[in-house]
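Worksheet: one structure, shown below.
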Amino acid sequence: MSTTSEAAGRTRAERMRLPLSTEVVAATAEKHGVCVRPFTMEVGDPDTGELRYVPVPCGSTVESVCLPCARKAKALRQAQCREGWHLTEEPDFTPEPPTQQQTELLEARADLVHAYRQALGEGEAGQAEELRDDIRGLDDELRATGMRGRLPSPEPAVTPARKRSTRRRQDAPDLPRKKVAKTTVGREYAGRFRPSMFVTLTLDTYGRVRDDGTPVDPDSYDYRRAARDAVHFSALVDRWWQNLRRVVGWDVQYFATVEPQKRAAPHLHTAIRGSVPHEVIRQVTAATYHQVWWPQHDELVYDSDRLPEWDMRARGFVDPDTRQPLTAWDAAVDAVEEPAHVVAFGRQVHSKGILGGTEEAGRHIGYLTKYLTKATGEVVEAEGARQREHHERLHAELAVTPCSPRCAVWLLYGVQPKGAHGRMTPGHCKSRAHRRSTLCLPGRRVLVSRKWSGKSLADHKADRKAFVRDALAAIGIEKPEQDTSRLMWRKVPPGDPNVPPRAHLLMHAIAERISWRAEYDRALLAAQGPPGGAETSATRQAV
């Protein structure tokens, strides 16, 4: 009996339980590490005139969105963490000297900037705009030569913002301060041990919580401070690195991940190269704080029934009743006498020494990257009514907590945010800090210092490709690097009738991946595996 006749003899309920063809294709793609949500690019070869359609991986880092792409991204981060954690030699970051072309372009830019400012001063708006376009063109040429960093703005200097005192708060412990040396590698002990560190930092308590992370007394739980601490958590972490380097006297390097606790407060896990005394870690943590010199935002001035309105003549938001402009951002900041918020770490500090190349080091790398493939909502998913209510109250506070000087939430407090424009909706900011799906994790999930491994993620990916290419070359299979710079790439708009269906592109990618896998297996048999005697998950992801 044929498969079609067998299916025809089933009931409707039985047929509905059969997998769809698209689900089978997606499952097969996941099995072979092929992106299940690629976007299609039209690729043209100017030499041959060939035109083809190529599926480009979506690059998602969340498993629920695209499992293969998320696993590849996680493998890259694990390789990055492993290579930089226990380095024994300093990464070489000696910059190349500027070329003659770069200096000549910069000289021409200096002349244009001088002419631009002179035209502005004489009121020659048209000439100034032409000069501004020429400056942009030179900036593009300078970047094309390989120069990095920002160029000074051609705009005339403005009045500097009011400076705040850098004197430490009297309620914060003092810290010793050393000149920070350029070294990044930790000390060696007993002529052969060079331990590194694994540290966990948490925020302060906002009230007693149960085992599921919900507050014992929701009415006394400080949701306002929890929301503000979450918004400014990244600034607090940056200050911690700064303080740690000043205390130990060398350029501490780190690989850190930010995760939510059960109570939905962010905390930091970090691998630190080199060994730092545990007492120093605790001392720096207790003495680290971040002051937020923003206008006070404790009491709402406007609500959903009465919101500021954009006034074309005033080129800003005004009160809906009096038509008076709201307080400008610079004026509001200048009037600040006390910080609007001070964020600090809690008492819970965990630090541990780790030796490189040990099973414990590998286990902690897995711990560091454990939740990188999950969305925040999946890590702190509410399992009961009590947790859902806790998350909703926290999100409600985050919705009225400004996340930056340009946040539209400032309008609810009667303050004109920086760069205000007519497209702003008072109280509605598109930043991740206000989304329900990113509770208390508004910023980046991975924080890596510049001198960690001496490589970017693209460099680590290229290393894995080179490893596979060399393994194949050893058995006579040559995979030369293709020059794609000469090709013409164009993203295909939705609804293009010439684009093949996604299922066709996935099937082609699956067949190609099976062929690559077979070649790589032959190379493994010939070489009896990669260095170490066993194939790693990272090399499997590279195929």
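Only a predicted model underlies this, so the values are computations on that prediction, with no experimental measurement involved.
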With a 3.5 Å cut-off and no angle check, do the side chains of Thr369 and Gln78 form a donor-acceptor pair?
yes
OH (Tyr371) with more than 12 external heavy atoms under 6.0 Å
no
Under a 4.0 Å threshold between the charged nitrogen and the carboxylate oxygen, would Asp211 count as salt-bridged to Lys262?
no
Salt bridge flag under 4.0 Å for residues Arg282 and Glu279:
yes
Counting heavy atoms not belonging to Asp219, are there more than 12 under 6.0 Å from its CG?
yes
When you look at Arg77 and Leu457, which way does the side-chain contact (heavy atoms from CB on, under 4.5 Å) test go after all the steps?
CA-CA 8 Å; Arg77 286 298 189 185; Leu457 282 180; 3.6 Å; yes
Scan side-chain atoms only and decide if Thr145 and Gln102 contain a donor-acceptor pair under the 3.5 Å cut-off.
yes
Salt bridge check, Asp298 against Arg228: does any charged N sit closer than 4.0 Å to a carboxylate O?
yes
Are the side chain of Thr358 and the backbone N or O of Ala361 linked by a donor-acceptor pair below 3.5 Å?
yes
So does Glu378 have more than 12 non-hydrogen atoms from other groups sitting under 6.0 Å from CD?
yes
Does the separation of the ring centres of Trp85 and Phe255 fall below 6.0 angstrom?
no
Output yes when Asp217 and Arg208 qualify as a salt bridge under the 4.0 Å nitrogen-oxygen rule, no when they do not.
no
State whether the number of non-hydrogen atoms from other residues, nucleotides or ligands found under 6.0 Å of Arg187 atom CZ is greater than 12.
no
Do we see a donor-acceptor contact under 3.5 Å between the side chains of Trp250 and Thr184?
no
Please confirm whether His390 and Tyr221 have ring centers closer than 6.0 angstrom.
yes
Could you check, using the six-membered ring where one of them is a Trp, whether His341 and Trp293 have ring centers closer than 6.0 angstrom?
no
Please determine, by modelled atom types, if Thr183 and Glu90 share a side-chain donor-acceptor pair under 3.5 angstrom.
yes
